[in-house]
2 protein chains.
Amino acid sequence: MTTGLKKRPRTKTKRGSSSTPCSVHDCSACKIRDLTFCAGIEANELSDLSSISRRMLFAKRHIIFQEGDEANAVFNVTRGTVRLFKMTQDGRRQVTGFLLPGDFLGLASRSGYATSAEAITEVELCRFESDKLETLFERNRQLERRLFEIVDDELAVAQDQMLLLGRKTARERMASFLINLSEREEIRGGRDGAVYLPMVREDIADYLGLTIETVCRTLSQLKREGLIRQSAGHEFELLSNQGLLEMSGPT
Amino acid sequence: MTTGLKKRPRTKTKRGSSSTPCSVHDCSACKIRDLTFCAGIEANELSDLSSISRRMLFAKRHIIFQEGDEANAVFNVTRGTVRLFKMTQDGRRQVTGFLLPGDFLGLASRSGYATSAEAITEVELCRFESDKLETLFERNRQLERRLFEIVDDELAVAQDQMLLLGRKTARERMASFLINLSEREEIRGGRDGAVYLPMVREDIADYLGLTIETVCRTLSQLKREGLIRQSAGHEFELLSNQGLLEMSGPT
DNA sequence: CGCTTAATTGACACGCCTCAATAAAGGTGG
DNA sequence: CCACCTTTATTGAGGCGTGTCAATTAAGCG
């Protein structure tokens, strides 16, 4: 069987209160603003944005929202890592993405949020109520345009992932994943070639359409071949970007 | 191997002129307008839309655009079936979707069209230049809003497909595919339970992340089990929607 | 009708999954 | 900081679903 059908017991997630209640946020001090739709606003109008944004904190493993929930807010991740996923009734899970600081959170269709979102680490979010944002869009088309660009990019990413899931081998998937994360962390100021993987193997497996065991074996294989090194618990180093790129399969 | 690595010779596609040059289109006579973003405009403003839309005809197997092409126009499919896909250098292909009349075509990110688009049958399109549409959006926010809804829906569909590609068996994929097409054709006025499959087996395989042979075998299996029937060349009948639904795998 | 392309089926191979055992990592309380 | 326990990660052995290769049939088309 090519699919992960196993009904594994999953780590229980936690609902309810985030660690801190919402608090007002000062957008002018935001370190990741350039990565988000907020970059679409002029510096002198930042107070407009600040006035409708609220900071939120979620502890590790807490649910931010669930698939199908009414989507009345969108978020920017400002700290930590988030996993997005869909689940089937019989316990199969597909992780559709991992979000890093600067990433947009809250894409939804008319039937609510398209995926569930959970904090992998402690997560800090910047929350915008949809209707307030709509109002701001009326006055600031550039802001809206940035959001559309982001959604379009998301879709392009989703289609790349379809190619990965439909047509790549386990090795290629793993290599693609490591390079992708490495590039994204580099943009955020991470050290070149260093990758931090806060998610557990099961998350990676559910993201790549593999099993935990195959993820482990593939990682071990890459280590044996000298392509990567595990420098600490969740810290990896990519020793040959070139090799991994070739292995990740041609576009 | 779980992936379709084979470098198959593919049917050659055709570039160049569509069968007819662009011609002005009368939106008020459009039969599928309610399905598209055009539904976001009032009847008395339809002339605005007509004035910037051009009808285009593409012969079977002709390329409409290629991945990466500069995206200066969007389309609505008004007749025929379109396949969207990404290709790798070594010949692997992932079909990301099939478009029916009423579907939107032309999603792109800043780096151009996200996929290639080809006519499976003869295809009629309604073409809108992006900048002209932008101008119309300035005056008609509702129209723009509808387009966003469509993009959001696309993203939700893409995520469902990730679940299918990452976590479903061949049988489940095939059942999901048949039901999905059946439902979409029903919305468009097709006969209940009847499915028209203009695409070849290879297209289905590349859409579902399988091989031609597995698609064939799975279809044959469904026939033997009395769940479907092939009434004509590309015409199928779903004999047990219930059975197929159960087989398609829970959500 | 003849030729090309598409679809089907069989036999076999193999990559990834399943099951199982063990090791390593992470918390927690003392 | 150390025992203890739980969770996570790793590795091995074997099975199976789907891929590969090949032959045949059916469909499409000039």
Side-chain angles (χ1 to χ4, degrees), chain A residues 1-14 59-61 91-93 120-121 164-174 197-206 208-224 228 230-236 249, chain B residues 1-14 59-61 91-93 120-122 164-174 197-206 208-224 228 230-236 247 249:
Chain A
M1 169 122 29
T2 211
T3 49
L5 290 177
K6 229 179 317 185
K7 302 174 197 173
R8 294 182 188 277
R10 284 177 200 283
T11 314
K12 41 202 162 304
T13 53
K14 295 155 189 170
K60 200 171 170 173
R61 284 199 187 117
R92 281 177 271 179
R93 187 177 72 158
I120 289 180
T121 61
L164 179 146
L165 291 170
R167 288 293 178 238
K168 289 190 180 180
T169 65
R171 275 170 71 85
E172 291 170 340
R173 292 178 200 205
M174 204 65 229
L197 300 180
M199 66 290 290
V200 297
R201 297 285 180 273
E202 185 171 29
D203 290 334
I204 300 175
D206 288 347
L208 299 179
L210 302 170
T211 57
I212 298 176
E213 295 91 331
T214 299
V215 168
C216 272
R217 273 188 267 264
T218 308
L219 278 175
S220 300
Q221 199 180 353
L222 294 180
K223 285 178 199 165
R224 273 196 304 276
I228 63 173
Q230 192 162 7
S231 42
H234 286 215
E235 280 284 352
F236 285 76
Chain B
M1 170 123 27
T2 210
T3 47
L5 290 177
K6 229 181 318 186
K7 302 174 197 173
R8 295 181 187 277
R10 283 177 201 284
T11 314
K12 43 202 160 302
T13 53
K14 296 153 189 171
K60 200 171 169 171
R61 282 195 188 121
R92 282 178 269 179
R93 188 178 71 159
I120 289 180
T121 61
E122 182 173 79
L164 178 146
L165 292 170
R167 287 295 178 235
K168 289 190 180 180
T169 65
R171 275 170 71 85
E172 290 171 339
R173 294 178 199 204
M174 204 67 229
L197 301 180
M199 66 291 291
V200 296
R201 296 285 179 273
E202 185 170 29
D203 289 334
I204 300 175
D206 288 346
L208 299 178
L210 303 170
T211 57
I212 298 176
E213 294 91 332
T214 299
V215 167
C216 272
R217 274 188 268 264
T218 308
L219 278 175
S220 299
Q221 198 181 353
L222 295 180
K223 285 178 198 165
R224 273 196 303 276
I228 63 173
Q230 191 161 8
S231 42
H234 286 214
E235 280 284 353
F236 285 76
M247 179 180 313

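In what follows, chains carry the letters A, B, and so on, assigned in the order in which the sequence lines appear, proteins first and then strands, with residues in each chain numbered from 1.
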Legend entry - Residue mapping more 5' on DNA chain C - nearest nucleotide basis, A:V215 or A:G233: A:V215
Inset, instruction - Tell me which nucleotide among C:dC16, C:dT8, D:dT8 gets nearest to the side chain of A:V200. - result: D:dT8
Inset, instruction - Ignoring backbone atoms, establish whether A:Q230 has a side-chain N or O less than 4.0 Å from OP1 or OP2 of C:dA25. - result: no
Inset, instruction - Could you state the atom-to-atom distance from NE2 of A:H234 to P of D:dT7 in whole Å? - result: 15 Å
Legend entry - Among C:dC16, D:dT8, C:dA6, the one nearest A:T169 by side-chain distance: C:dC16
Inset, instruction - Look at B:E122 together with B:R61 and state whether they make a salt bridge at an N to O cut-off of under 4.0 Å. - result: no
Legend entry - Approximate separation, where rounding is to 0.5 Å, of B:I228 CD1 and B:L219 CG: 5.0 Å
Legend entry - For atom CG of A:L219 and atom C1' of D:dT11, their distance in whole Å: 13 Å
Inset, instruction - Taking the side chain as every heavy atom from C-beta outward, state whether B:M174 and B:L208 have any atom pair closer than 4.5 Å. - result: yes
Legend entry - Side-chain N,O (A:S220) to OP1/OP2 (D:dT11) below 4.0 Å: yes
Legend entry - Presence of donor-acceptor pair under 3.5 Å, side chain of B:R217 and base of C:dG10: yes
Inset, instruction - Nearest whole angstrom, please: distance from the P of D:dT18 to the CD of B:E172. - result: 9 Å
Inset, instruction - Have a look at B:Q221 and say if it touches a base, only the backbone sugar-phosphate, or nothing, with a 4.0 Å heavy-atom cut-off. - result: nothing
Inset, instruction - For residues A:K223 and A:Q230, determine if any side-chain heavy atom of one lies less than 4.5 Å from a side-chain heavy atom of the other. - result: yes
Inset, instruction - Indicate whether OP1 or OP2 belonging to C:dG26 is found under 4.0 Å from a side-chain N or O atom of A:K60. - result: no
Inset, instruction - Write down the distance between CD1 (A:I212) and P (C:dC17), rounded to a whole number of angstrom. - result: 11 Å
Legend entry - Euclidean distance, atom CZ of residue A:R167 to atom P of D:dT20 [Å, nearest integer]: 9 Å
Legend entry - Length of the line joining B:L197:CG and C:dA6:P, which is rounded to integer Å: 16 Å
Legend entry - Distance in angstrom units between A:E213 CD and C:dA20 C1', rounded: 10 Å
Legend entry - B:L210 side-chain proximity, nearest of D:dT7, C:dT8, D:dG19: D:dG19
Inset, instruction - Nearest whole angstrom, please: distance from the C1' of C:dA7 to the CE of B:M199. - result: 16 Å
Legend entry - Donor-acceptor contact below 3.5 Å, side chain A:R167 vs main chain B:R93: yes
Inset, instruction - Output yes when at least one side-chain N/O atom of A:T214 is less than 4.0 Å from OP1 or OP2 of C:dC17, else no. - result: yes
